[in-house]
Amino acid sequence: MDSYYNPDDLGKFSDMAKDAPELGKAFFEYYGKVFEEGALTEREKSLIALAVAHAVQCPYCIDAYSKDCLEKGSNREQMTEAVHVAVAIRGGASLVHGIQMRNSADKMTF
Amino acid sequence: MATITKIPLFEESLKKSGLFPLKASGISVFQMNLGRLCNQACKHCHVNAGPNRKELMGSEVIESCLLVLEKSDIPVVDITGGAPEMHPEFRTLVERLKKLGRKVMTRCNLTICVEDGYGDIPEFFKKNSVEVVASLPYFKKEETDRTRGEGVFEKSIDALKKFNEIGYGVDGTSLTLNLAYNPTGLYFPPPQSVLEADFKRELGKRYGISFNKLLTMINMPVGRFAEFLERTSNYGSYMEKLAKLYNRSAAGNVMCRNTLSVNWEGDMYDCDFNQMLDIKVNHGAPSHINGFDAELLNDREIMVGLHCYGCTAGSGSSCGGATANG
């Protein structure tokens, strides 16, 4: 194995239903429904997926949703802003825990 | 060329959807490709056109085309290239076509309108009521210049303003200015109506530009774009995706069913893409303009190949944009 990640594996995603067909069917149906046009447009959902893909650092998802965003009509500027949303939330999540640090420190010091 | 093993022959897909053999249903668009000379050399160009190309339609071929049109009732003539405006006989050809009472549409790369010697092209089009289909990959500079070359976006915007100033693409006039969009890479076009709304909003807001319709086109695995697919090892996956998205409705509406395409040498093809692949009209129909026979050509069997999946994927693709609902 050259790498834990192989781009061709993305095309085998549906193989995950093979040994748990009911769960697989339920998941993939749900997945498809989630990305259908609803209160949010397909384009908005794709941009959210791109941002989440960066937050969870999934190379398959980044590859898939970069292309999907372009095919839904988003441009690089919008996609880059979406990534910054993920970055801000990840960074902000760390920083806001700093309050816990401050609370702990307050308890331990005069 | 990379081997593709995972996709069915196009004929098989047609058979499954009851469309084989694919037949023409008359000729309503007579497409004349005047040659490969162009002031640009775009990355997605299926014609491999550029400033150094020498192929140009000769006077005899032009005369033969005009003779055919004179004797037929084909309503629309679609002039393409290269940059067709660079052909020395372009203007007289347009004037003669108008005298024949035909609707003339032309494929314009926009930048030609700001080159020396071509600045009056918009006015010339207006005078002859030519319908303009202008190429613009995107409403932003970065994406446009990446596909068409540095500086193209600004020139294109200047040209579009010129067209608007004389009434093209403006409400209340009959001067049609449509824009043609190709993706700036390996991906497929967004839905035509969605992207048209983006283009109208952004071009209006940023530059005060208006136009009639946006025509979205899939990048065809032909010419310079096919070379790009090969070079980046994406040919197989691109073809597989095209085939996977085969849409019966788009297949039924392919442009070759009502178009005849003539190249600079007078050879006849079912479409501009077959022209670039040199797959001439066949199945017993004549393949040169000098042998034009309306009876044989009107219901000819179309010559197909794997590249035809480019016109039948998803919402479909044609010189007139999407052909079906995805």
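A quick note: this is a predicted structure, and the numbers were derived from the prediction, not measured. In what follows, chains are A, B, ... by sequence order, proteins preceding strands, each numbered from 1.
- For B:Tyr181, no part lies near chain A; criterion is any non-hydrogen pair under 4.5 Å.
- In this structure, B:Lys213 places its NZ atom where only 12 or fewer heavy-atom neighbours from other residues, nucleotides or ligands lie under 6.0 Å away.
- Using a 4.5 Å cut-off between heavy atoms, B:Pro183 makes no contact with chain A at all.
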* side chain to side chain contact (heavy atoms under 4.5 Å, CB included) between A:Leu70 and B:Phe188, intermediate numbers included -> CA-CA 8 Å; A:Leu70 290 167; B:Phe188 287 3; over 6 Å; no
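- Ranking A:Ser66, A:Gly73, A:Ser74 against chain B, the residue ahead of the rest is A:Gly73, based on heavy-atom pairs under 4.5 Å.
- With a 6.0 Å radius and a threshold of 12 heavy atoms from other residues, nucleotides or ligands, A:Asp19 has its CG atom at or below the threshold.
- By the neighbour-count criterion of 12 heavy atoms within 6.0 Å, atom CG of A:Asn103 is densely surrounded, having more than that number from other residues, nucleotides or ligands.
- Under the 4.0 Å criterion applied to side-chain N and carboxylate O atoms, B:Glu143 and A:Arg76 are not assigned as salt-bridge partners.
- Taking 4.5 Å as the limit, some side-chain heavy atom of B:Asp198 sits within range of a side-chain heavy atom of A:Arg43.
- With a 6.0 Å radius and a threshold of 12 heavy atoms from other residues, nucleotides or ligands, A:Glu37 has its CD atom above the threshold.
- Within 6.0 Å of CD1 on A:Ile89 lie no more than 12 heavy atoms contributed by other residues, nucleotides or ligands.
- With a threshold of 4.5 angstrom between heavy atoms, A:Asp68 does not approach chain B through any atom at all.
- B:Val194 and A:Lys72 get closest at one heavy-atom pair: CG1-O, 4.4 Å.
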